[in-house]
Each structure stands twice: as C-alpha cells, then as structure tokens.
Amino acid sequence: DAMVIQNPRYQVTQFGKPVTLSCSQTLNHNVMYWYQQKSSQAPKLLFHYYDKDFNNEADTPDNFQSRRPNTSFCFLDIRSPGLGDAAMYLCATSRDGDSAGNEQFFGPGTRLTVL
Amino acid sequence: AQKVTQAQTEISVVEKEDVTLDCVYETRDTTYYLFWYKQPPSGELVFLIRRNSFDEQNEISGRYSWNFQKSTSSFNFTITASQVVDSAVYFCALSEAAGYSTLTFGKGTMLLVSP
C-alpha cells in the first residue's frame with residue numbers, strides 16, 4: 001500500500017546532541033511537510049518542500065533544518081535539541097494540482113525525547 | 001488570516017451516546033477546503049473528510065455525519081452511537097483551494113468514550 005513512513009517511531013537524544021528524523025513516501029507526492037506537535041496541542045507546521053523548493057515558516061527556529069534529496073525522502077535535522085524540542089514530529093505529503101483539494105497524508109510520527 | 005476554533009477541549013460520553021464536535025472557521029477566501037482528522041493514541045493523523053466551500057450538502061458515512069453551514073462558518077462533526085474506539089483527538093482544519101496550500105488546524109477536541 002502507498003504510504004508515508006517515518007523512522008524511527010521513538011527517538012531519544014541528549015540535550016545538545018544533533019538528531020535526524022526521516023520520512024519516506026511511496027505516494028509520489030510533490031509536497032512534503034514537517035509538523036511539530038507538543039502534548040495537547042495542534043500540529044504546528046515547521047516547513048515544507050514543494051518539489052525541491054524549501055518553504056520555511058517564519059517562526060521556525062534556526063535549530064530546525066530540513067533536507068529533501070529526492071521525491072521520496074525528507075529529513076528533519078535538529079542541530080542542538082533543547083528540552084523544549086521534545087515533541088511528536090509528523091511528516092505529511094500532498095499532491096499539488098490534486099483537484100480534491102490538498103488532502104495531506106500523514107505518517108505515524110516520531111516521538112522525540114530529549115534528556 | 002485563516003483561523004479555526006474548536007471550543008470544546010474535551011468531551012466525555014458513555015458508549016452509544018451521540019456526540020457533536022464543533023468547528024468554527026474564519027477566512028477571507030471565497031474558495032476553501034475544510035477537513036476533519038482523527039488522531040488516536042497511536043499518534044497518526046487519520047483523514048476523515050474533506051469538504052469544499054461550494055458544497056454545503058451534509059454528508060453521512062456510517063456513524064459519522066458532517067454539517068457544513070457557510071452562514072455560520074461552521075463545520076460540525078457528529079458521531080452517532082459512539083464506541084470506545086472513537087476515543088481520540090479530533091482536529092478540524094482549513095486550507096485555501098487555489099493550487100496547494102498549508103493547513104490551518106484547530107486546537108483539537110479530545111473525545112473520551114467510556115464503556
């Protein structure tokens with residue numbers, strides 16, 4: 001089945017130690033998104049890629065970076081995780097031009113713990 | 001600017017009760033899409049429905065139904081004969097309809113269905 005895959009599902013890192021979360025998709029969608037979701041809050045968009053074009057949200061800290069080496073993969077790099085970065089990170093995809101209107105398909109998420 | 005308000009933070013019902021989750025939105029666009037997503041404890045956001053702004057016809061899917069009223073800018077979601085498996089956080093979201101655009105989420109409503 002076509003899907004959005006996130007690895008790992010659970011990630012533990014130490015304060016200040018760089019960490020990379022990965023997302024892959026078999027949907028061949030041209031848009032990929034990264035969201036941060038803290039406990040009892042709505043998902044907050046960090047950035048998204050439209051093909052290779054990177055679009056950063058204005059309030060996304062510089063500590064968060066992303067890479068998209070090809071259509072299928074997208075990575076979220078947290079350069080120096082702080083305790084406040086502990087959250088669920090959700091990857092999503094969508095297909096521009098989809099007349100059905102920007103339905104986003106979400107992965108299962110990676111829960112990041114910062115010690 | 002777009003905004004989605006889910007005034008109900010948490011709702012508790014007993015199995016087999018009907019429950020309605022409220023969603024009120026704000027947008028200056030005349031063409032837009034509204035969504036409902038379900039987030040069970042596992043964390044993955046599951047797409048439930050999409051509705052475009054020109055289609056005010058209510059929709060029923062099994063025990064789920066949606067009432068879209070442009071006059072009150074509301075897109076409410078009703079679960080009939082609730083079940084324990086319906087326990088989750090439900091998010092209402094809004095996006096522009098032109099091309100692709102990002103989703104604006106409400107803060108979510110946690111639904112607890114007890115046996």
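Values below: every heavy atom of this structure, side chains too, minus hydrogens, waters and symmetry copies. Each chain gets a letter, A, B and so on, in the order the sequences are listed, and its residues count up from 1. What you are looking at is a predicted structure, and each value in this text was computed from that prediction instead of being measured.
- Heavy-atom distances place no part of A:Gln6 under 4.5 Å from chain B, backbone and side chain included.
- The CZ atom of B:Phe91 sits 9.5 Å away from atom CD of A:Gln41, with the distance rounded to the nearest 0.5 Å.
- For a residue to count as touching a neighbouring chain, one of its non-hydrogen atoms must lie under 4.5 Å from one of that chain's; by this rule A:Arg111 does not touch chain B.
- Judged by a 6.0 Å distance limit and a 45° cone about the ring axis, A:Arg67 is positioned over the six-membered ring of A:Phe75.
- When heavy atoms are compared at a cutoff of 4.5 Å, B:Gln6 does not approach chain A at all.
- By the 4.0 Å N-to-carboxylate-O rule, A:Lys44 lies close enough to A:Asp59 to be salt-bridged with it.
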Please assess A:Leu45 against A:Phe47 for the test side-chain contact (heavy atoms from CB on, under 4.5 Å), listing each intermediate value before the final yes or no. CA-CA 6 Å; A:Leu45 182 64; A:Phe47 26 59; over 6 Å; no
